[in-house]
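To start, the structure under review is shown below, and the notes come after it.
This one's a predicted model, so the numbers in the text were calculated from it and none came from an experiment. In the text below, chain A, chain B and the rest are named by the order of the sequence lines, each starting its count at 1.
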Amino acid sequence: MKKKLANLLEESINRCIEKGFLKPCTLPPIEVDLPREDSHGDYASNVAMTLASIQRKKPRAIAEDIVASINDRNSMLESIEIAGPGFINFFIRQDFWVTLLKEPDMLKSRFGESSIGGGKRVLVEFVSANPTGPLHIGHARGAVTGDVIARILEASGYFVSREYYINDAGNQMNLLGRSIYYRYRELFGEEEAFPQDCYQGEYIADLAREIRDRDGNEHLHRKPDDAFAIFTEYGCESLMEGIREDLEAFGVTFDSYFSEKELYRNEGVTRLIEELMDKGFVYREGDTLWFKTTDFGDDKDRVVVRETGEPTYFAADIGYHKSKFDRGYDMVIDIWGADHHGYIPRIYAGIQAIGRERSALHIILVQLVNLLRDGIPVAMSTRAGEFVTLREVLDEVGRDAARYNFLMRRSNSHLDFDLELAKKQSNENPVYYVQYAHARIASIMRTAMERGFDIPGYDDVDLSLLKLEEEMELVKAIDRFPDVIEGSARSLEPHRIPFYSNDLASSFHSYYNRNRILGDDAELSRTRLFLVKNVGLVLGNALRFLGVTAPERM
RNA sequence: GCGCCCGUAGCUCAGCUGGAUAGAGUGGCAGACUUCGAAUCUGUUGGUCGUAGGUUCGAAUCCUACCGGGCGUACCA
């Protein structure tokens, strides 16, 4: 509906220009919004006001010209009003509203999809947790955020690939190997003190036991450096396997895993550094190489090759991003924990230095999760081995509730996640509200069948029977769904979908409590059945975008 | 110190990229099941949008300063 009205306005403005009412100019984007007040119409536009400054003319006068030139071929409009400083308010005819139900009924599970992406290739990189321990709840929020952004973009005409960057090189990996090694020695009674700086978690000892069960004591006689390498590799692979399984149980899958170690092996990092040197973005100071990120707005230059001759993590990361673009992606999305925000200017400097547009990279920061149990904070630290794993959360609160809770908030705001609250199967838990509406509708459909109704399609019902305000509200809400998904895709904001779903579920519950769907009047019942069926369809589609199940009964 | 994020109802949060009289949920209070699912619904209570300036037809939204909370500020990843 929004788009139909915007088109109507655009045509009219062009006509005004032809007739000389308005001076030729480049049109501002035509916005059509939902007014807060019902008395301001079903939709409203402020074009007259935005044109006013360009045209140097009074907004109300412009609005009048535009309204006079509108050609409502399809008889959508009940009336148009000009209000306040120059708003154009549209009132849509009731019999036009109901025709919009044709679309969801035809498109079914594809209702909500669009082609705004135009086939652009997008890489979404997310989670990318170091394989030094199992995923914990902090990773979970980034995981669902990335997953849902990928789902939305896929539905919006983008060609999407999901990637996990494995930091399987560097100090933390060595530390992992050492940690397992010392636990391994303990198993054979080598009781030196377990180093403080090593990973303390119980899972380290588990890994050590696995190696003992497989290889016995053979690593005891190796030189520590050789043993570290073996233990590192084993730990990394084993932990990655666990991570993959946990994510899958959480409904999150990847198309590719990109290994940092591979990047080094393929000379990706050396080639990158050479490129930066060739382009003159790098200077030498003693034995270290500095990248002039300040040329791109960073507040200080950054080291890319250490005194020791080893490239930094940063160097590898630019190399990794170069690889993303070299693989042909038009748009790259990184989902990061908010604690990495300081890193943003430097990575932008990196991609600009390799000749890419800033606008091709979108970094989404996901704020940290405050884990609570009954309102009391739960302390977490990977190093100390104190944390609640993703697996534990899944086992305790379930996948649907966990996902929904993470998706309800803007990723940019801090999130309290209360384990007890998320676990409750009651009205305190918003996921059930939407699911319940879906299940309830499914139940109505079942009852209807039992009573001998068919489930009608668009052409089999008399839509003029939909007269109630609540019914119009539902029709309007259904019609809005594609706009919500599109807005969500453009802004990369998944949280809009839970909010919309909640509103739609609320309108439905309210309608249901006030009116009978299946009553004495067979024709009316069939029409209402049709309406409600489409509400269920949209709720189902919305939940699918969120990766949450849409139950038929619960 | 510097940088980023956040500050909206008692609590948890939306606010459609600058629009008209600021909204939900939750909590409190009062109500609705012999009829399609009460995990539901209806009504009511509740706000100087952190503070002070500025930009303009118009600001919770943009700019500046300050206050409060979080997170960064490595030749770690």
Side-chain angles (χ1 to χ4, degrees), chain A residues 2 31 33-37 39-40 44 46 49-50 52-53 58-59 83-87 89 128 130 132 167 169-173 175 260 285-290 299-300 302-308 310-314 316-317 337-345 365 367-368 370 375 408-410 412-416 418 421 424-433 435-437 439-448 450-451 480 483-484 487-488 490-491 493 495-496 498-500 502-503 505-506 508-519 525 528-529 532 553-554:
Chain A
K2 215 175 186 170
E31 283 175 40
D33 290 319
L34 292 168
R36 247 195 293 265
E37 281 288 313
S39 65
H40 295 144
N46 61 353
M49 278 122 90
T50 52
S53 57
K58 288 202 172 118
F87 289 103
N89 295 342
S128 301
N130 295 353
T132 54
N167 299 127
N171 291 340
Q172 305 204 8
M173 283 301 28
L175 188 61
E260 185 184 0
E285 215 178 76
D287 288 328
T288 60
L289 276 186
W290 292 77
D299 20 286
K300 54 180 271 198
R302 308 289 169 175
V303 171
V304 280
V305 178
R306 287 181 266 247
E307 219 168 21
T308 58
E310 293 166 295
T312 57
Y313 171 82
F314 174 50
D317 208 15
D339 52 339
H340 289 75
H341 70 258
Y343 202 76
I344 293 175
L365 290 181
Q367 287 292 339
L368 305 182
N370 221 345
M408 264 169 31
R409 308 254 128 80
R410 229 168 66 243
N412 219 332
S413 68
H414 297 264
L415 167 68
D416 288 341
D418 195 308
L421 206 64
K424 279 188 185 151
Q425 305 213 350
S426 72
N427 54 352
E428 286 172 83
N429 199 335
V431 66
Y432 297 111
Y433 186 78
Q435 288 186 318
Y436 182 65
R440 195 178 224 184
I441 290 169
S443 165
I444 296 170
M445 296 300 141
R446 286 191 296 269
T447 310
E450 281 164 24
R451 296 192 189 170
R480 249 178 60 217
D483 292 338
V484 171
S488 197
R490 285 190 196 281
S491 59
E493 289 178 348
H495 76 274
R496 298 185 186 198
F499 276 93
Y500 168 82
N502 208 73
D503 284 349
S506 166
F508 165 71
H509 282 310
S510 177
Y511 174 59
Y512 174 89
N513 270 277
R514 238 195 280 250
N515 304 99
R516 296 220 110 240
I517 313 298
L518 305 171
S525 299
R528 289 183 168 174
L529 211 47
V532 163
R553 27 168 72 90
M554 52 195 286

Under 4.0 Å, counting only non-hydrogen atoms across every strand here, what does A439(A) touch: a base, just sugar-phosphate, or nothing?
base
F87(A) ring over A20(B) six-membered base ring, under 5.5 Å and 30°:
yes
Toward the 5' end of RNA chain B, by each residue's nearest nucleotide, R490(A) or F499(A):
F499(A)
Can you tell which of A77(B), A74(B), C41(B) lies closest to the side chain of S510(A)?
C41(B)
H509(A) on top of A38(B)'s base, within under 5.5 Å and under 30°?
no
Just how far, in rounded Å, is P of U12(B) from CG of N502(A)?
19 Å
In whole angstroms, the gap separating P of U40(B) from CD of Q435(A) amounts to 12 Å
Ring centres within less than 5.5 Å and planes less than 30° apart: is that true of H40(A) and A20(B) in this structure?
yes
Taking atom types as modelled, find out whether T312(A) and R302(A) have a side-chain donor-acceptor pair closer than 3.5 angstrom.
no
Counting only side-chain nitrogens and oxygens, does R514(A) get under 4.0 Å of the OP1 or OP2 atom of A32(B)?
no
Spell out yes or no: do the side chain of N46(A) and the base of G19(B) have one donor N/O and one acceptor N/O closer than 3.5 Å?
yes
Give the nucleotide from the list C36(B), C13(B), C57(B) with an atom nearest to the side chain of S413(A).
C13(B)
Syn versus anti for U8(B), judged by chi lying within 90° of 0?
anti
